[in-house]
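Values in this document were obtained by computation on a predicted structure and should not be read as measured data. Throughout, numbering of the chain's residues begins at 1 and tracks the sequence. Atoms within a ligand are numbered from 1 in the order they appear, just like the ligands themselves.
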Amino acid sequence: MKTGKLYLIGGGPGDAELLTLKAARVLRECDVVLYDRLTTPAVLALARPEAELIYVGKHDGEQEREQARIFELILEHATAGRTVARLKGGDPLVFGRGAEEWAVALEHGIEVELIPGVSSAIAVPGLAGIPLTFREVSRSFAVVTGHWKTGTNMDWAPYAKIDTLVILMGTKQRVLIAESLIAAGRNVSEPVAFVEQGSMADQRVVETELGAVAKGEVEISGPAVMVVGEVVRQRKKFTK
Ligand code: SAH
């Protein structure tokens, strides 16, 4: 029997044209596609028409159970000889537990190939007119998760020293994040941008200040990339 294979594929930030040529080719060849909540219909439409498409998006409170199901689905289909595309938003190894899926597949003797993707961490600010580095304004950026166990916080002091902070999965905890950054020495008037639906036709950008976010004055509902830093001010040069 033909042995299966797992492709860990970066689906990019949403616009299907931002997929790599390799990702597009492999999607056309796969038997099974496991996709996430942030996978857009335009990307999914590139899969082979006969492919089995399986939604494996995670919901709050069910992460562990869903992750166990993803491991099972990968093993079940790959050991049955199928080519499995594990399609993840952005780059497969930037959050989202792609590396764990890679390790589990290898432990079970399944061949794995990584197809990197355009991470929302870099592409989404850029598409909103925010360069993460800029001469004399920002020499460094860090990509930080805004998602951790409710009721706890992380130590923001080391991150507060970095010029530009890109926070993913930070919408829900935005008030606590802003408060923590201010407590760690960032200025209340420092500019902040939230970019929702990055790279898509309905992309939305909210530009504000750290102090306003800390006071709970900024309404954001969906997943967004949060950018904190002086580079946000560059935006006016690049957008109408
Ligand atoms: N592996 C992904 C990130 C997964 S974490 C990557 O490299 O992009 C999921 C988070 O990414 C979301 O909560 C949000 O913060 C961000 N995100 C992904 N795609 C986005 C998009 N198109 N617009 C805005 N934020 C996005």
Side-chain angles (χ1 to χ4, degrees), residues 6-20 22-23 33-44 55-64 66-67 70 85-103 114-130 132 141-150 154 159 164-178 181 192-208 213 218-229 232 235 239:
L6 171 67
Y7 287 95
L8 269 178
I9 305 180
D15 175 355
E17 289 199 308
L18 293 175
L19 219 63
T20 61
K22 195 168 196 173
V33 181
L34 305 179
Y35 67 99
D36 280 332
R37 194 153 64 99
L38 288 173
T39 308
T40 52
V43 170
L44 217 48
Y55 174 70
V56 293
K58 294 183 193 132
H59 298 280
D60 274 354
E62 293 176 3
Q63 268 99 342
E64 287 311 315
E66 296 283 356
Q67 191 60 54
I70 295 170
R86 174 65 175 108
L87 187 56
K88 287 178 164 288
D91 181 87
L93 302 184
V94 175
F95 305 127
R97 305 180 70 169
E100 290 170 54
E101 293 168 19
W102 187 350
L114 175 71
I115 305 180
V118 172
S119 178
S120 67
I122 295 175
V124 168
L127 290 166
I130 304 168
L132 297 183
F141 65 84
V143 181
V144 189
T145 176
H147 181 81
W148 57 83
K149 232 168 84 198
T150 317
M154 22 185 257
Y159 304 110
T164 304
L165 291 172
V166 180
I167 299 154
L168 301 189
M169 299 179 282
T171 302
K172 278 203 190 122
Q173 308 252 48
R174 64 191 180 282
V175 173
L176 185 57
I177 293 168
L181 288 173
V192 177
F194 290 90
V195 188
E196 294 174 279
Q197 298 288 106
S199 85
M200 262 88 73
D202 52 351
Q203 171 172 298
R204 186 172 91 103
V205 185
V206 175
E207 237 186 282
T208 178
V213 182
V218 182
E219 272 314 309
I220 308 288
S221 49
V225 173
M226 177 180 179
V227 187
V228 181
V232 170
R235 218 186 142 235
T239 48

Q: Quick check on contacts: which atoms of ligand 1 are under 4.0 angstrom from a heavy atom of P13?
A: 21 (C), 22 (N)
Q: Kindly identify the option in R97, M169, K172, Q203 whose heavy atom sits closest to atom 10 (C) of ligand 1.
A: M169
Q: Nearest non-hydrogen atom to atom 8 (O) of ligand 1 belongs to which of A123, A121, S120, P223?
A: S120
Q: Against heavy atoms of S119, which atoms of ligand 1 measure under 4.0 Å?
A: 6 (C), 7 (O), 8 (O)
Q: If the threshold is 4.0 Å, N to carboxylate O, is there a salt bridge linking R97 and E64?
A: yes
Q: Check each of L44, D36, L34 against L87 using the side-chain contact (heavy atoms from CB on, under 4.5 Å) test, and report the only one that passes.
A: L44
Q: Do M226 and M169 have side chains that approach each other closer than 4.5 Å (heavy atoms only, starting at C-beta)?
A: no
Q: Heavy atom of G14 under 4.0 Å from ligand 1?
A: no
Q: For residues 88-96, tabulate all N or O donor-acceptor pairs below 3.5 Å that involve a side-chain atom, not counting sequence neighbours.
A:
from, atom 1, to, atom 2, distance (Å)
K88, NZ, G96, O, 2.4
D91, OD1, G117, N, 3.1
D91, OD2, L93, N, 2.8

Q: Report the nearest protein non-hydrogen atom to atom 24 (C) of ligand 1: residue, atom name, distance rounded to 0.1 Å.
A: V195 O, 3.3 Å
Q: Determine the minimum heavy-atom distance between R174 and T171, stating which atoms define it.
A: NH1-O, 2.7 Å
Q: Any side-chain heavy atom of T145 sitting closer than 4.5 Å to one from I167?
A: no
Q: Answer side chain, backbone, both or neither: which part of I167 comes under 4.0 Å from ligand 1, heavy atoms only.
A: neither
Q: Looking just at side-chain N and O atoms, do E101 and Q67 make a donor-acceptor pair shorter than 3.5 Å?
A: yes
Q: Show the nearest heavy-atom pair for residues L132 and T164, with the distance to one decimal.
A: O-OG1, 3.2 Å
Q: With heavy atoms of V94 as the reference, note each atom of ligand 1 found under 4.0 Å away.
A: 1 (N), 2 (C), 3 (C), 4 (C), 7 (O)
Q: If the contact criterion is a heavy-atom separation under 4.0 Å, does Q197 count as touching ligand 1?
A: yes
Q: Can you find an N or O of A224 that's nearer than 3.5 Å to an N or O of ligand 1?
A: yes
Q: Looking only at distance, does G89 have an N or O less than 3.5 Å from an N or O of ligand 1?
A: yes
Q: Donor-acceptor pairs are to be reported for all side-chain atoms of residues 200-207 against protein atoms at under 3.5 Å, with residues two or more places apart or in another chain.
A:
from, atom 1, to, atom 2, distance (Å)
D202, OD1, Q197, NE2, 3.3
D202, OD2, Q197, NE2, 3.3
Q203, OE1, S199, N, 2.9
Q203, NE2, L127, O, 3.4
R204, NE, E196, OE1, 2.6
R204, NH2, E196, OE1, 2.8
R204, NH2, E219, O, 3.4
E207, OE1, R235, NH1, 2.9

Q: Tell me the protein heavy atom at minimum distance from atom 25 (N) of ligand 1, and give that distance in Å.
A: V225 CG2, 3.4 Å
Q: N/O to N/O below 3.5 Å, does that happen between D91 and ligand 1?
A: yes
Q: Can you confirm, on distance only, whether ligand 1 has an N/O atom lying under 3.5 Å from any N/O atom belonging to G198?
A: yes
